Structures are given as C-alpha cells and as structure tokens.
Amino acid sequence: MQTEFANDQIRHRYEELQTLESRGIEPFPYSYDRTHSSQQILATFRDDDPSSLADVSIAGRIMAIRRMGKATFFHIQDAEGKIQCYIKADELPEQYEILRLLDLGDIVGVRGFVFRTRTGEVTVHCQQLHLLCKSLRPLPVVKEERDEHGNVIVHDAFSDKEQRYRRRYIDLIVNPHVRETFIVRSRMITAIRRYFDSRGWLEVETPILQPLYGGASARPFTTYLNALDMPLYLRIADELYLKRLIVGGFEGVYEISKNFRNEGIDRMHNPEFTALEIYVAYRDYHWMMDMTEDLLATVTAEVRGQSSLLRADGSEIPLQRPFRRVRLLDAIAESVGQPINGCSEQELAMLCKRFDVELPPSPSRAKMIDELFSKLVQPQLVEPTFVTDYPVEMSPLAKRHRSEPSLVERFELFIGGMEIANAFSELNDPRDQRQRFEEQARLRAGGDDEAMVLDEDFLMALEIGMPPTAGLGIGIDRLAMLMTGAASIRDVILFPLMRPEPPHRPLEE
RNA sequence: GACCCCGUAGCUCAGUGGUAGAGCAUCUGACUUUUAAUCAGAGGGCCGCAGGUUCGAUCCCUGCCGGGGUCACCA
C-alpha cells in the first residue's frame with residue numbers, strides 16, 4: 001500500500017504506527033470492556049471513600065497530554081465528557097514507553113484507581129493502558145481555561161464553518177456544544193414521539209419517491225425509475241398520503257419525514273429537511289391550536305427543563321400559554337394602520353407601494369396580502385403567535401372558514417420570526433378540492449411552476465370520504481434551532497448540503 | 001440568480017508590490033501531582049486555482065473554485 005503524506009505530522013503518526021506494530025501492539029483492536037463512563041466516575045467519586053472506585057476501566061480519545069518526564073497527565077474524552085488520567089513511568093515502564101508513541105486523537109482504554117490530585121481534579125491513576133485506535137491525522141487543538149469565576153475560556157476553537165460542516169466528525173470531537181446540540185435535537189424528536197404515541201396516534205411511513213408531488217407549493221427534485229420507465233419526484237410533503245390514511249380509517253397518524261425541495265439554500269432552508277405532519281380525525285384547527293400549544297410546552301419543558309426557547313443572540317423567548325392568536329388580516333391591518341378586509345386590489349397595491357413591498361408583475365390579491373404579511377408582520381412575531389384565517393387562494397388543501405367563505409381555517413405558528421408550524425381544518429369536500437386543484441392548474445398554466453398538481457387518486461380518496469380532520473405540519477429543524485439557540489439550520493443538521501470539494505491534489509512522495 | 005465579504009502552516013490568526021510571521025500543535029532535549037503545564041532548541045507554506053499588469057505579485061486587476069452574509073426565490 002502506497003501512502004502519501006500531506007505533512008510531517010501525518011508521516012510521523014504512520015511511523016509511530018509501524019513502531020507500535022513492531023513491538024507487538026495491535027493498533028486497531030476489536031473491543032474493550034469498560035466499567036464506567038467519565039461522568040459516572042466524576043459524579044460518584046467521594047473523597048471519604050475512594051475505595052468504591054478502586055478499579056475502573058474507561059475508554060476515550062486523548063484530548064490533551066501533559067508529559068513531565070517520568071509522569072504524564074492526559075485527558076480522555078468519551079461520549080459524556082472528559083476525565084483526567086495519570087500515569088507514572090516507574091509503575092508501568094513498558095506501557096509508559098507505549099505512551100510515548102501516542103498522540104492527541106488516539107483512542108485508549110485506561111484501567112486503574114480513582115483519586116483526587118493535589119490541585120483538586122478527580123483523576124484515574126492508570127495501572128493498565130491499552131491502545132484502542134491509533135489516530136493518523138492531527139486534530140485541531142482546542143484548549144480550555146477557567147477564569148476566576150469558573151467560566152470556560154476556549155482558545156483557538158475550531159470555527160471555520162466550511163470545515164465544521166464538511167468534517168462534522170471533527171466538529172463533534174472538538175466542539176462539545178455541537179454534540180450537545182444534536183443530543184437536544186434527538187431528545188426533542190423522542191419527546192414528540194412520546195407525546196403522540198401516548199395519545200394513541202400511529203407513526204407511519206409514506207413514500208419518499210412519488211409519481212406526483214403534492215401537499216405544498218415548491219419545486220421538486222426529479223429522478224427516474226428504470227424498472228417502470230417513469231419519472232419520479234422526491235416528496236415535498238407527505239400530506240396527501242397521510243390524509244389517505246385518515247380515509248382508510250386510522251384516526252390519528254403522524255410521520256417524521258425528510259422532505260426535499262429544489263429551492264434556495266440559506267439560514268432557514270436546506271434542500272432536504274425534516275418535517276413532522278400529524279392528522280387527527282374529528283378535530284378542527286381550533287383543537288389543533290390547543291394541541292400544538294400543549295405539545296410545544298410539553299416538549300420544551302422536557303428537553304430544556306424550562307418553559308422558554310432560545311434565540312441565536314442568546315435571548316430567551318418565553319412560552320407563555322395561551323399563545324397570542326391573531327387573524328392574518330387583523331395582523332396586517334395593525335401594521336399598516338388601516339383595515340384590509342374590504343380593500344380592492346388597487347388599494348392593496350398602493351399599500352404595498354407605500355411600505356416598499358416588492359411585487360411580481362400583476363400580483364393576485366392573495367400574493368399582495370402574503371407579501372405585506374412577510375415584510376411587515378412576520379419579523380415582529382418573536383413570541384409564539386398563531387396567525388389564523390388565510391385567504392382561500394393561498395391554501396388549496398384547507399377547508400373554507402365556517403363563517404368567511406373567502407378565507408380558510410388555517411393557522412401558522414411563528415416563533416422568533418420564523419414559521420414553525422402550519423395547520424388546517426382539512427378540506428374534505430371533494431367538489432371544492434377539485435375546484436381548488438383546477439385553480440392551481442390555471443396558475444401552473446400561467447407560469448407558476450410551484451402550483452400544485454392535480455392528484456386524481458387523492459380526489460377519489462376524498463370521494464370515498466374523509467372524516468372531519470385537523471392536520472398540522474411542524475418544521476423540525478427550525479424547532480431544533482429554537483431549542484438550541486442555533487443561528488443557522490445547518491447547525492442543527494448533522495450533514496448539511498455542501499457543494500462537493502474540489503479533489504485533493506495528489507502529493508508527490 | 002444578484003450584490004458584499006472571506007480563502008496565508010494541522011488549527012486559530014497577523015502581515016507586506018521585493019516569494020512570509022505569531023500562538024497552539026509537531027519534532028529533539030529537560031522535568032514523577034500537571035491542567036492554556038513549564039523551560040531550551042528545531043522543522044513545517046504552489047499565501048485557493050488560472051490568467052493579466054509589473055523589472056518583480058501572496059499583496060493590484062480579471063475570471064474561476066469554495067465558504068459566509070444580505071437580497072431575490074421560497075416556508
């Protein structure tokens with residue numbers, strides 16, 4: 001095997017690897033039995049009774065080494081944190097020689113007894129040292145210091161965003177808050193599942209590869225199925241399949257799904273993202289608002305241990321129930337200082353002009369309302385706010401408002417200026433649904449390539465009959481941002497989409 | 001897609017029209033309770049890529065590649 005070395009550090013590690021093997025050390029052994037995690041030791045050590053930790057085995061990655069001649073301190077890091085280890089040459093002469101060949105980043109097993117050093121740190125006194133994996137590339141070296149107030153000062157943090165996203169494994173090793181972010185994300189999803197499961201709603205899986213895409217307004221990714229010689233789309237939403245399941249007789253179904261939208265990438269958008277959708281039979285959007293409030297309050301309390309969310313600037317957003325509820329047109333009216341309800345298209349256009357809201361040529365009423373809202377209202381919606389009752393043209397899958405036929409029974413939840421959730425009383429009248437699809441077809445014919453596609457089978461399902469149903473979608477990534485105070489959706493997605501790197505230039509020997 | 005900013009050692013960054021510097025990391029030596037360990041010494045760079053201007057470019061200009069941000073698009 002020909003190995004090319006990018007630099008002296010890598011070359012040196014390969015040389016150490018050879019030396020270790022020549023001394024009969026297996027650099028990549030198969031397993032190691034641990035008795036404790038780092039945190040179990042730190043949490044249970046008692047100065048008045050160290051005997052309970054007189055023989056422990058731990059394993060982890062070497063994150064710091066302080067060699068002092070015939071004694072060495074090093075920190076190893078496992079999934080829960082770091083712990084210091086101590087090894088003396090005169091006690092373990094052979095293994096001390098091995099330690100000379102180890103580096104930052106190597107993974108080792110340490111067996112020994114636990115004590116407290118003179119400077120007060122609980123430490124494992126090494127009596128056996130095992131190499132568990134030789135690391136052949138240098139890790140970014142991040143050092144930490146504690147000031148007199150106990151605050152951790154991080155020196156030279158691995159901060160280059162491109163490298164952090166491309167090499168998430170390194171990011172996770174050297175930036176503890178990153179690991180914490182993804183643990184919080186996972187706990188959040190677990191808490192949501194628990195909430196739904198405990199109410200008897202069924203988690204299901206619906207197609208990612210779809211012959212027709214629907215359930216949202218977005219450009220899809222297209223692919224091709226050779227076996228059936230047909231184009232397929234990656235789902236932009238799972239809404240139409242989940243409603244078919246309500247038709248089928250399930251009374252509560254949910255799915256946590258990866259969706260794919262062929263649109264721009266920015267702090268709030270990744271081409272693939274995680275959505276939660278849930279549909280509950282015999283309920284309407286009023287019920288769904290209450291449920292959403294309860295869900296978020298429950299999950300937030302469970303995940304964060306407090307009833308507030310976190311913004312990227314460090315400020316907290318209290319989750320006080322009930323959340324504010326405001327009708328869309330009222331919210332706009334409040335911002336522009338005049339009622340919107342009876343506005344003609346011309347009056348709306350003048351309002352847009354007055355507030356510097358940019359519009360496409362010949363915009364519809366709904367488009368102008370949407371633009372006014374996005375520009376003037378949405379950025380102000382920091383504390384949780386349900387915005388309700390949207391124009392029917394903007395919501396082709398939502399049921400008409402029971403008392404305002406030009407509106408639909410829909411709400412969106414905004415927190416921190418972000419749209420977090422979207423929900424309707426679901427349209428279950430197949431006649432109205434067909435009309436709405438036909439309207440979408442007209443928009444599509446007029447050049448709107450994000451208008452929805454008519455789905456005959458979905459209409460057939462509605463003709464079979466769907467009970468009154470409330471549906472809800474939640475942007476899981478954005479909710480995770482609020483749980484962790486992340487500034488970008490990329491900070492809550494383990495492997496965000498990146499352009500491929502240019503190939504590494506091969507190095508001559 | 002448009003505009004702005006960025007790309008220098010493994011990491012974090014300085015810097016100059018005369019082909020580079022720091023801290024940490026690495027290497028050699030000293031050190032048996034250290035913790036940003038310390039002390040002495042050393043090595044390490046196609047300064048993102050390509051072209052142009054210039055006697056001379058890492059620096060100025062253009063294009064490209066990659067990243068970040070703002071906007072547009074979009075939830």
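Remember, predicted model here, so these are calculated numbers, not experimental data. Chain naming here is simple, since letters A, B, ... match the order of the sequence lines and numbering starts at 1 in each.
- The side chain of A:E162 has B:G67 as its nearest neighbour among B:G44, B:C24, B:G67.
- Among the nucleotides B:U70, B:C11, B:G67, the one closest to any side-chain atom of A:R499 is B:G67.
- In RNA chain B, runs of at least 3 stacked Watson-Crick or G-U pairs (N1-N3 plus N6-O4 or O6-N4, or N1-O2 plus O6-N3, all under 3.5 Å) give these stems: B:1-7 with B:65-71, B:10-13 with B:21-24, B:26-30 with B:38-42, B:48-52 with B:60-64.
- In the set B:U12, B:C27, B:U33, the nucleotide with an atom closest to the side chain of A:H12 is B:C27.
- Applying a 4.0 Å cut-off to non-hydrogen atoms, the residues of residues 365-386 of chain A that approach RNA chain B are A:K367, A:K375, A:Q378, listed by residue number.
- Residue A:R66 places no side-chain N or O under 4.0 Å from the OP1 or OP2 atom of B:U33.
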Using a cut-off of under 3.5 Å, enumerate the N/O to N/O pairs linking the protein to nucleotides 38-40 of chain B.
none

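- Listed in residue order, the members of residues 54-63 of chain A having a heavy atom less than 4.0 Å from RNA chain B come to none.
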All N/O donor-acceptor pairs, side-chain side in residues 140-147 of chain A, below 3.5 Å, sequence neighbours left out:
unit_1 : atom_1 : unit_2 : atom_2 : d
A:E145 : OE1    : A:H155 : NE2    : 2.9
A:R146 : NH1    : A:G150 : O      : 2.8
A:D147 : OD1    : A:H149 : N      : 2.9
A:D147 : OD1    : A:G150 : N      : 3.1
A:D147 : OD1    : A:N151 : N      : 2.9
A:D147 : OD2    : A:N151 : ND2    : 3.3

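- If you take atom C1' in B:U58 and the same atom in B:C6, they sit 15 Å apart, rounded to whole Å.
- Side-chain proximity of A:Q9 to B:U12, B:U26, B:U32: nearest is B:U26.
- Closest to the side chain of A:F115, out of B:C73, B:U33, B:C11, is B:U33.
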*Can you check each nucleotide of nucleotides 3-9 of chain B against protein heavy atoms at under 4.0 Å and return B for base, S for sugar-phosphate only, - for none, in 5' to 3' order?*
-------
